[in-house]
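One structure is given here, and the rest of the page talks about it.
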Amino acid sequence: MSLQIYNSLTRKKERFNPITKGHVGLYVCGPTVSGESHLGHARPYVTFDVVYRYLTHLKYKVRYVRNITDAGHFEEEGREAEDKISTKATIEKLEPMELVQKYTNLYHWAMLQLNNIEPSIEPTATGHIVEQINMIEKIIADGYAYAINGSVYFDVEKYNTDFSKKGLPYGILSGRVLEDMLETTRELDNQEEKRNKADFALWKNAPPEHIMRWKSPWGEGFPGWHIECSAMSSKYLGDEFDIHGGGMDLQFPHHECEIAQSAVCNHKSPARYWMHNNMITINGRKMGKSYNNVIKLSELFSGNHPLLAQAYHPMVIRFFILQTHYRSTLDFGNEALQASEKGLKRLFDAYENLQKLEPVNEKSEDAELEKNVLQLLNELDEFMNDDFSTAKVLANIFELVPTINALKNKQLPANVLSNGVITLMQQKLKLFITNILGLKNINDTNNKANDVIQILINLRKEAKAKKDFVTSDKIRNDLAAIGIQLKDEKDGSISYSL
RNA sequence: GGUCCUGUGGCCGAGUGGCUAGGCAGAGCUCUGCAAAAGCUUCUACAGCGGUUCGAAUCCGCUCGGGACCUCCA
């Protein structure tokens with residue numbers, strides 16, 4: 001089976017065919033750097049990191065573009081028209097760009113912790129004001145936007161009328177019908193500028209107190225939210241590219257508006273495949289600023305939050321996210337994260353045991369086991385091809401764990417698996433666990449403390465040899481008290497885990 | 001109100017109509033000086049009520065619950 005991707009646009013899984021053979025253009029909506037990233041933000045970036053890694057594994061040359069929204073948008077359209085970033089900057093007595101830089105740095109730090117590969121291009125909205133203005137001018141020239149009082153709005157109704165005929169009605173992505181929306185859209189203040197409630201801003205006039213402002217043909221102002229992604233994705237990936245990703249909450253209106261803008265400018269829908277990750281919830285509710293239930297990533301990593309029973313390693317977060325399919329909601333909970341932590345440790349214990357196994361048999365003495373192992377390994381590719389089913393990949397790998405550990409502990413005779421299968425297992429697990437899923441072992445084994453532990457282990461060995469169990473138990477118990485666990489192996493050696 | 005999603009065992013979660021998902025926790029056994037780890041075995045499920053079917057967690061209907069979007073939002 002070749003790669004199948006669930007396309008939000010068609011609401012079904014489709015076989016992935018790139019526009020240009022061997023190449024993939026991938027655009028993912030990045031963060032608004034007006035605040036610190038939280039657990040919810042980790043999801044799309046981990047999800048699409050795996051998409052990127054897997055496409056690369058499939059030998060595609062991928063251009064991965066993930067933007068940074070550093071030009072703020074109005075908090076709520078029409079209401080006070082205040083820029084998120086400039087508002088906070090005043091409160092914190094910082095320059096807007098200073099604030100942007102601070103949160104961008106924090107975001108990059110978090111991405112690094114999560115072991116996300118950096119995108120090929122990370123364009124900023126402020127760095128592409130000219131491109132955005134050009135695009136807006138084009139939309140106006142074509143008659144699908146109008147300027148009023150220094151702002152520019154997209155004429156949704158006109159667009160819908162004309163482009164429905166071309167198969168691109170407004171609402172095509174989110175499954176909405178414009179007429180319904182016009183009836184149900186809430187009344188917001190200061191909407192009299194707009195011809196229609198559904199119209200959205202391409203450019204906003206900046207009131208005097210607004211710090212971030214740029215000159216434009218319509219006066220000083222700042223770009224609307226949706227236009228940056230259209231301008232930057234088409235600049236770096238072309239008028240039509242392969243995959244556009246982001247959180248489900250961006251499907252409407254953000255991505256819907258992107259389609260409309262691009263359809264006018266480039267006469268086609270910007271992306272072939274739209275991928276949307278689901279939300280991380282907390283007590284069943286979406287984690288988000290408006291719900292006041294966010295746990296920042298830095299808090300998660302440090303354990304410094306009332307809802308956290310302990311600190312969680314970034315790899316635990318990554319593993320936690322990958323244990324679920326990206327289109328399902330994922331509920332946060334200490335119990336769940338603790339389970340992930342233990343699972344991840346067990347996974348890497350087995351992984352290291354496997355890499356140390358020395359294949360010795362030409363032939364397997366247990367045909368059935370060998371067959372099972374082969375099947376579990378082969379399914380890994382199928383599962384990834386099936387819309388990136390990382391949860392199933394991990395489940396299969398866990399099914400291999402007992403066999404690996406039993407071989408290592410000699411609970412299974414060494415001849416049950418052939419050389420070929422053991423080698424294949426070593427290669428495939430390395431590929432899937434570290435390269436594709438991007439997981440890393442959280443037991444760090446490279447520092448002085450480990451040398452000290454080794455000294456204690458040797459003392460314990462000597463005590464045991466003399467049957468001085470009082471001393472040997474004391475060493476073991478005292479180490480256990482600070483979280484270092486000693487294990488007496490079958491062969492008389494002693495290993496440990498942190 | 002409109003559109004859509006969802007309800008799986010103590011917790012988190014896979015599930016394409018028929019076969020043990022998996023992780024964590026629990027129980028028993030083996031191994032061990034004793035442990036831990038590991039291995040083996042094992043208990044808890046498919047919100048409720050109907051229907052389709054030889055057979056449904058999986059399809060359909062209804063009821064009840066939860067959620068998302070419609071407004072900044074990953």
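Proteins get letters first, then strands, A, B, ... in listed order; numbering begins at 1 in each.
Contact annotation: A:R11 does not reach the phosphate of B:rC4 (side-chain N/O to OP1 or OP2, under 4.0 Å). At the phosphate of B:rC72, neither OP1 nor OP2 sits under 4.0 Å from any side-chain N or O atom of A:Y291.
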Distances under 3.5 Å between protein N/O atoms and the N/O atoms of nucleotides 43-45 of chain B, please, pair by pair.
none

Audit row: A:D349, A:R346, salt bridge (charged side-chain N to carboxylate O under 4.0 Å, His left out) steps and yes/no: CA-CA 5 Å; A:D349 278 348; A:R346 183 168 142 84; over 6 Å; no
Taking distance alone, no hydrogens or angles, what donor-acceptor pairs closer than 3.5 Å link side-chain atoms of residues 38-48 of chain A to residues at least two apart or in another chain?
residue	atom	partner	partner atom	Å
A:H38	ND1	A:G40	N	2.9
A:H41	ND1	A:H38	N	2.8
A:R43	NH1	A:N278	O	3.3
A:R43	NH1	A:M279	O	3.2
A:R43	NH1	A:S328	O	2.7
A:R43	NH2	A:H325	O	2.9
A:R43	NH2	A:S328	O	2.8
A:T47	OG1	A:R43	O	2.7

For residues 391-405 of chain A, please give each side-chain donor-acceptor pair under 3.5 Å, one per line with the distance, not counting sequence neighbours.
residue	atom	partner	partner atom	Å
A:N396	ND2	A:L376	O	3.0
A:N396	ND2	A:E379	OE1	2.9
A:N405	OD1	A:N353	ND2	3.0

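Taking atom C1' on both B:rA38 and B:rC19, the two are 28 Å apart, rounded to the nearest angstrom. Distance check on atom P: B:rA47 versus B:rC11 gives 14 Å, rounded to whole Å. With P as the reference atom, B:rU6 and B:rU16 are 11 Å apart, rounded to whole Å. Only the C1' atoms considered, B:rU71 is 16 Å distant from B:rU3, to the nearest whole Å. The gap from the P atom of B:rA25 to that of B:rC40 amounts to 16 Å, rounded to the nearest Å. Separating the P atom of B:rG10 from that of B:rG17 is a span of 27 Å, rounded to the nearest Å. Going from the C1' atom of B:rA21 to that of B:rC69 covers 32 Å, rounded to whole Å. For B:rU41 and B:rC24, the P atoms lie 16 Å apart once the distance is rounded to whole Å.
For the pair A:G246 and A:K342, nearest-nucleotide mapping onto RNA chain B gives the more 5' position to A:K342.
The distance between atom CG of A:L322 and atom P of B:rG22, rounded to the nearest whole Å, is 19 Å. Atom CE in A:M111 sits roughly 10 Å away from atom C1' in B:rA74 (whole-Å rounding). Nucleotide B:rC69 holds its C1' atom 9 Å from the CD atom of A:Q251, rounded to whole Å. In this entry the distance linking CG of A:L394 with P of B:rA21 reads 18 Å, nearest Å. The nearest whole Å value for the distance from the NE2 atom in A:H276 to the P atom in B:rC69 is 13 Å. Rounded to an integer number of Å, the gap from CD of A:E256 to P of B:rC4 is 14 Å. The distance between atom CG of A:L337 and atom P of B:rC24, rounded to the nearest whole Å, is 14 Å. Taking atom CG on A:N396 and atom P on B:rU20, their separation rounds to 15 Å, with Å as the unit.
Under the salt bridge (charged side-chain N to carboxylate O under 4.0 Å, His left out) criterion, the residue pairs touching residues 319-332 of chain A are A:R327-A:D387, with sequence neighbours excluded.
Side chain of A:R66 to main chain of A:G30: no donor-acceptor pair is present (N/O by atom type, distance under 3.5 Å, no hydrogens or angles). For A:D70 (side chain) and A:V33 (main-chain N/O), no donor-acceptor pair under 3.5 Å exists by modelled atom type. When atom types are taken as modelled, the side chain of A:Q355 and the backbone of A:Q426 share a donor-acceptor pair closer than 3.5 angstrom.
No side-chain heavy atom of A:Y107 sits under 4.5 Å from any side-chain heavy atom of A:L297.
Taking the side-chain contact (heavy atoms from CB on, under 4.5 Å) definition, one finds that A:E358 meets it with nothing, sequence neighbours left out. Applying the side chain to side chain donor-acceptor pair (under 3.5 Å) test to A:D478 and every residue at least two apart in sequence or in another chain returns A:K474. Scanning for side-chain contact (heavy atoms from CB on, under 4.5 Å) contacts around A:R213 gives A:A206, A:H210, A:E220, with sequence neighbours left out. Under the side chain to side chain donor-acceptor pair (under 3.5 Å) criterion, A:N378 pairs with no residue at all, not counting sequence neighbours. Take A:N67 and apply the side chain to side chain donor-acceptor pair (under 3.5 Å) test, not counting sequence neighbours, and it matches A:Y27, A:T69, A:E228.
Nucleotide B:rC69: paired with B:rG2 (Watson-Crick or G-U wobble, both distances less than 3.5 Å). Checking B:rA38 for Watson-Crick or G-U wobble geometry (two distances, each under 3.5 Å) identifies B:rU30 as its partner. Base pairing annotation: B:rC24 forms a Watson-Crick or G-U wobble pair with B:rG10, both donor-acceptor distances under 3.5 Å. Across the strands present, B:rA45 finds no partner; the criterion is a Watson-Crick or G-U wobble pair with both atom distances under 3.5 angstrom.
Base engagement by A:K286 is indicated by at least one non-hydrogen atom pair under 4.0 Å involving a base atom. Heavy atoms of A:F383 sit nowhere under 4.0 angstrom from any nucleic acid atom. Counting non-hydrogen atoms under 4.0 angstrom, A:M279 reaches a base of the nucleic acid. Within 4.0 Å (heavy atoms only), A:I397 reaches no atom of the nucleic acid at all.
Residues of residues 168-176 of chain A that place a heavy atom closer than 4.0 Å to RNA chain B, in numerical order, are A:G175, A:R176.
Residues A:D49 and A:Y64 have side chains that never bring a donor and an acceptor to within less than 3.5 angstrom of each other. Side-chain atoms of A:S298 and A:E36 form a donor-acceptor pair, as typed in the model, at a separation below 3.5 Å. There is a side-chain donor-acceptor pair under 3.5 Å between A:K204 and A:Y153.
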Could you run down nucleotides 6-19 of chain B 5' to 3' and tag each one B, S or - for protein heavy-atom contact under 4.0 Å? -----SSSSS----
Using a 4.0 Å heavy-atom cut-off to protein, can you give one letter per nucleotide of nucleotides 28-39 of chain B, 5' to 3': B if the base is in contact, S if only the sugar-phosphate is, - if neither? ---S-BBBBSBS
